[in-house]
> 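Take a look at this one; I'll ask things after.
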Amino acid sequence: MSFKKSHFIRCSFFLAGIAVLIATVGCATTDRAAQPAKNAEQKESTILTYPDWYSDEEGLEEVYPSSAYIREVGSGSTKQAAENNAVSYISRFLETEASYSSVSSLSATTTDSGTAIVETTDINTIITSGIKLFGIQYSDSFYNEKEKEYYVVAYIDREKAWNQYEPELRMEKENFMAYYTKAEKESDTFHKIKMMNEALDASKEFKEKLVFANILSKRLTEKNFGSDIKTLSNIPSMIKQELLTNPIFISVDDDFNGIIEGAVREVFAQKDFAVTADVSSASYIAQVCVEYNRDFNSSRVVLNPCMTLSLTGNSGSIYTTGVECPRVVAPNEQAAKKTAVKDLSEEIGKELPDDIKNSLGL
C-alpha cells in the first residue's frame, strides 16, 4: 500500500471518530440542559396538587370565607384523625365565641349595625346538640408525603345551619313570649313584676340558643329575632320603671325616734322602691307594726321585740313578713326600747332584702 493511500485511510478513521465524539458530547449536553426544565416541571406539578386552602389563611379564606363558613383545618396520621382534629377546633371556636360574649344576663345594645347580643351562659350542651342537628361537612383530604400527615377542612355552612336551627329557637321564643304577654296584661305592679321575673326565668334556654344562633349568623339572628332580644333586655328597666312610678308610703306604729321607719325605707331604696312622705300620692301602703311584748313578771324591764310588715294596694294585701329579736333586759323602759329598736333595725337590714327577693322577685 502506498503511503498516500495509507495516510488517507488513517485520516478517514480519525475524522469519523471525531464526528462520533462530537455527536455523543452534543447529546449528553442536550440531556443535561433539558434536565433542570424537567425538574422544574415536576416541582411545579407537585405545587399545583396542593389544595388552595392548605397554603395559608388567605387561601383558606378564599375557598371557605369566614363570613359564610365556620371552618377549621385539622391534621392527623389518618383521614379520620384529621377530621376529628378539625371538629375539635370548631367546638373550641364556638365555645370561645360564646365566652367572649358572656355577661351575667342577656342584653342588647342598639348600634349603627343593628342590635348586638352581648350575652351567654354556659352553652356547651347547646353547642353539642346544635352540631348534631346540622352536622359538619369535610373537604377532600390532602396527604403530605413529607410530613406523613393528612389534612382536611371541617366546615359549617352558616346560613344553612342557622335555618336548620331556627325552629328550635322559635319554639323557645314562643315559650318566653307566653309568660311575657301574660305579665304585660297584669295591672297590679307587684303581680306584674313577679310575672316579669317568671318570664325571665322562662327565657333561659331562649337566651342560650340566641347566643348560639348569633354565632352562626348575626345577620339572620338580628333580622328575625332582634325585637325579641330588645324585649328581653328591656325587662329589668320595665320592672324599675314600675317601682318608680308606684310609690310606697311607710307607716310605723310605736316607732322609737324613727329608727324602724328608717331601716325599712333603706331596704326599699336598695330594691329600687320609690318611697313617698305623702300618703295621698302613694300607690301602696307599707304598714309596720312594732311590738315590744314586755314581760311584767320581772323586776327589771324585759322586752321580746318583733316587727310585722304588711304591704297593701288597691287589690288588697300584696306581701306580709316579720322579724323577731332575742329578749332585751334593761333597767328602765326607755333604755329597753332603745335597745329593742336598734336590734330590730339590724334584723330588718339582714332579713328583709332576701325575703323581698324570695317573695316578690326583687
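Quantities reported herein were computed from a predicted structural model and do not represent experimental measurements.
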> As a quick check of understanding, evaluate salt bridge (charged side-chain N to carboxylate O under 4.0 Å, His left out) for Glu57 and Arg71, giving each step before the final call.
CA-CA 11 Å; Glu57 181 63 30; Arg71 75 289 191 274; 3.1 Å; yes

> Only pairs at least two apart or in different chains count here, so list each salt bridge (charged side-chain N to carboxylate O under 4.0 Å, His left out) that has a residue in residues 257-273.
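For residues 257-273, and leaving out neighbouring residues, the salt bridge (charged side-chain N to carboxylate O under 4.0 Å, His left out) pairs sorted by first residue read Glu261-Arg265.
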
> Can you tell me if Asn314 has over 12 outside heavy atoms packed within less than 6.0 Å of its CG?
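It does not: Asn314 CG has 12 such atoms or fewer within range.
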
> Please answer whether the main-chain N or O of Ala81 pairs with a side-chain N or O of Thr78 as donor and acceptor at a distance below 3.5 Å.
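Yes; judged by distance alone, with no hydrogens or angles, the pair exists.
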
> Is it true that a side-chain atom of Arg327 and a backbone atom of Leu303 form a donor plus acceptor pair closer than 3.5 Å?
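Not a single qualifying donor-acceptor pair exists.
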
> If you count every heavy atom of other residues, nucleotides or ligands that lies below 6.0 Å from Glu346 atom CD, does the total exceed 12?
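Counting other residues, nucleotides and ligands, CD of Glu346 exceeds 12 neighbours.
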
> Measure up the Tyr165 and Phe212 rings against each other and bin them: parallel (under 30°), tilted (30 to 60°), perpendicular (over 60°).
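Because their plane-to-plane angle is over 60°, the rings of Tyr165 and Phe212 count as perpendicular.
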
> Would you find a donor on one side and an acceptor on the other, under 3.5 Å apart, between the side chain of Asp295 and the backbone of Val302?
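The answer is no, because no donor-acceptor pair under 3.5 Å joins these two groups.
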
> For Lys192, run the side-chain contact (heavy atoms from CB on, under 4.5 Å) check against Glu186, Lys185, Met238, Glu184 and tell me which one passes.
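The residue from Glu186, Lys185, Met238, Glu184 that satisfies side-chain contact (heavy atoms from CB on, under 4.5 Å) with Lys192 turns out to be Glu186.
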
> Does the gap between the ring centers of Phe190 and Tyr284 come in under 6.0 Å?
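Close enough - the centres of the two rings lie under 6.0 Å apart.
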
> Under 4.0 Å between a Lys/Arg side-chain N and an Asp/Glu carboxylate O for Lys194 and Glu198?
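No, no charged N to carboxylate O under 4.0 Å.
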
> Check the angle between the aromatic planes of Phe142 and Tyr151 and answer parallel, tilted or perpendicular using the 30° and 60° thresholds.
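Tilted: the ring planes of Phe142 and Tyr151 meet at 30° to 60°.
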
> Does CD belonging to Gln287 count more than 12 external heavy atoms closer than 6.0 Å?
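Correct, the count exceeds 12.
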
> In this structure, would Leu360 and Ile285 fall into the same cluster of hydrophobic residues linked by side-chain contacts under 4.5 Å?
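Hydrophobic grouping puts Leu360 apart from Ile285.
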
> Please write out which residues are connected to Tyr89 in a hydrophobic cluster, directly or through intermediates, given that two of Ile, Leu, Val, Met, Phe, Trp, Tyr count as joined at side-chain heavy-atom separations below 4.5 angstrom.
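Hydrophobic cluster check, Tyr89: no partners found.
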
> Donor-acceptor check, side chain of Asn85 to backbone of Ser75, threshold 3.5 angstrom: yes or no?
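Yes: the side chain of Asn85 pairs with the backbone of Ser75.
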
> Taking the hydrophobic residues Ile, Leu, Val, Met, Phe, Trp and Tyr, and joining any pair whose side-chain heavy atoms are under 4.5 Å apart, which ones share a cluster with Tyr150?
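For the cluster that includes Tyr150, the remaining residues are Tyr143.
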
> Is Tyr180 close to Met196 at the side-chain level, that is, under 4.5 Å between some pair of heavy atoms?
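They are in side-chain contact.
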
> State, with a plain yes or no, whether a side-chain heavy atom of Val328 is found less than 4.5 Å away from one of Cys325.
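The answer is no; the side chains never approach within 4.5 Å.
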
> Do Ile136 and Ile90 come within less than 4.5 Å of each other through their side chains, counting heavy atoms only?
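Counting from C-beta outward, Ile136 and Ile90 do come under 4.5 Å.
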
